[in-house]
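See below for the structure under consideration.
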2 protein chains.
Amino acid sequence: MAPARQRSTRQGGAVKDALTSAGGFCSAQDVYAALRSQGDAVGLSTVYRHLQSLVDAGQVDVIHTPEGETTYRLCGEAGQGHHHHLVCRECGRTAEIEGRAVEKWAATVAAEHGYTDVDHTLELFGRCAECSAAR
Amino acid sequence: MAPARQRSTRQGGAVKDALTSAGGFCSAQDVYAALRSQGDAVGLSTVYRHLQSLVDAGQVDVIHTPEGETTYRLCGEAGQGHHHHLVCRECGRTAEIEGRAVEKWAATVAAEHGYTDVDHTLELFGRCAECSAAR
DNA sequence: GCGCTAACTGGTAATCATTACCGGTAGGCT
DNA sequence: AGCCTACCGGTAATGATTACCAGTTAGCGC
């Protein structure tokens with residue numbers, strides 16, 4: 001019979017742990033560097049691989065910063081529930097926010113223009129209370 | 001005395017024309033290919049250069065597709081007026097939309113979380129009326 | 001029209017993040 | 001213990017964007 005569909009490996013956990021302790025969004029390269037510097041080395045390919053499968057599994061969210069960098073963040077237990085993020089552009093702290101009003105608005109606007117199958121991206125970037133105070 | 005701060009060159013116009021006739025969003029590579037195929041060749045470096053300066057001048061908008069590609073589009077006469085886009089993911093047709101309600105919502109949410117200096121990205125992707133009908 | 005100078009051009013090399021390959025490793029089952 | 005297969009991870013490849021830099025040219029004064 002075929003072995004388990006999904007093996008549990010040291011590296012798999014390491015990547016997830018890194019995301020957990022990171023707290024906010026971080027790039028694949030960040031995860032790689034973090035693991036490496038804490039002696040828990042994992043191959044770069046492997047990091048990308050796990051990140052990708054976590055995304056597919058809906059366990060992490062992905063956003064592209066305005067600079068075009070792809071960042072990942074461990075999110076919502078089961079990946080259900082569409083939501084957006086309010087990210088501090090200095091410390092990376094992230095707040096999850098819901099925007100039912102926006103979803104509705106988006107759907108309405110799209111319909112007005114005759115568009116179907118609408119999807120959207122929405123991210124807020126700012127400076128969190130602490131970073132604001134620190135100036 | 002120093003010559004004009006900004007020269008007008010064949011290539012500069014070519015890039016702008018390409019964006020104009022493209023109508024929707026297109027990547028730098030697309031512009032390059034388009035110009036090249038219509039015999040109006042312009043160096044790739046030059047395309048990027050002009051695209052960048054047009055962005056700086058506020059004459060074109062930039063958005064990153066979910067796939068991470070950077071696309072450009074000639075927009076708003078003088079670059080004034082913050083707005084968003086409703087892009088057809090099949091034909092690229094783009095509608096400019098305003099979302100005062102969203103702007104306001106974003107500001108409110110951010111304030112609630114103590115964030116300042118808030119900025120945001122918002123793009124809608126869908127299938128336009130025509131492409132919808134074509135299925 | 002002529003010449004000058006600085007801005008512009010464009011081919012090539014360099015960067016950077018991400019993906020593809022592929023021989024080697026090691027879970028998990030029997 | 002032994003096998004089968006998914007998983008690892010170093011390296012090469014890719015693709016978009018930027019940096020360099022020598023050659024070209026627009027625009028100004030004469």
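Just so we're on the same page: letters track the sequence lines, and every chain starts at 1. All heavy atoms count here, side chains included; hydrogens, waters and symmetry mates do not. Quick caveat, the model's predicted, so the values are computed rather than measured.
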Salt bridge (Lys or Arg N to Asp or Glu O under 4.0 Å) partners of B/Asp117, counting only residues at least two apart:
A/Arg127

Which residues satisfy the ring pair (Phe, Tyr, Trp, His ring centres under 6.0 Å) test with A/His85, sequence neighbours excluded?
A/Phe25, A/His83

Restricting to ring pair (Phe, Tyr, Trp, His ring centres under 6.0 Å), what partner residues turn up for A/Tyr72, sequence neighbours left out?
none

Across the strands shown, which category fits A/His50 at heavy-atom distances under 4.0 angstrom: base, sugar-phosphate, nothing?
sugar-phosphate

Across the strands shown, which category fits B/Thr9 at heavy-atom distances under 4.0 angstrom: base, sugar-phosphate, nothing?
sugar-phosphate

Reading nucleotides 11-24 of chain C from the 5' end, what letters show protein touch, with B for base, S for backbone sugar-phosphate only, - for no heavy atom under 4.0 Å?
BB----SBBB----

Would you kindly give the [atom1]-to-[atom2] distance between [X] and [N], to the nearest whole Å?
{"X": "A/Leu35", "N": "D/dG10", "atom1": "CG", "atom2": "P", "answer": "13 Å"}
{"X": "B/Arg10", "N": "D/dT25", "atom1": "CZ", "atom2": "C1'", "answer": "12 Å"}
{"X": "A/Arg7", "N": "C/dG27", "atom1": "CZ", "atom2": "C1'", "answer": "5 Å"}

Taking side-chain hydrogen bond (donor to acceptor under 3.5 Å, both in side chains) as the cut-off, I'd like each qualifying pair that reaches into residues 99-111 of chain B, sequence neighbours left out, listed once.
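Residue pairs passing side-chain hydrogen bond (donor to acceptor under 3.5 Å, both in side chains), neighbours aside: B/His82-B/Glu103, B/His84-B/Glu103, B/Glu98-B/Arg100, B/Glu103-B/His120.
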
side-chain hydrogen bond (donor to acceptor under 3.5 Å, both in side chains) pairs, two or more places apart, involving residues 15-26 of chain A
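Passing the test, one end in residues 15-26 of chain A: A/Lys16-A/Gln59.
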
Please tabulate, one pair per line, all N/O donor-acceptor pairs under 3.5 Å involving side-chain atoms of residues 40-47 of chain A, not counting sequence neighbours.
from, atom 1, to, atom 2, distance (Å)
A/Asp40, OD1, A/Arg10, NH1, 2.9
A/Thr46, OG1, A/Arg49, NH2, 3.4

Between CD of B/Glu96 and SG of B/Cys75, what distance do you get to the nearest 0.5 Å?
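Separation between the atoms: 3.5 Å.
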
Measure the angle between the two terminal helix axes of the helix from C/dG1-D/dC30 to C/dT30-D/dA1, five base pairs each, and quote it to 10°.
30°

Checking A/Gln29 now: which residues fulfil side chain to side chain donor-acceptor pair (under 3.5 Å) with it, not counting sequence neighbours?
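Side chain to side chain donor-acceptor pair (under 3.5 Å) check on A/Gln29 returns A/Tyr48.
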
Can you tell me if A/Gln11 touches the phosphate of D/dC7, counting only side-chain N or O atoms and a distance under 4.0 Å to OP1 or OP2?
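No, A/Gln11 has no side-chain N/O under 4.0 Å of OP1/OP2 on D/dC7.
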
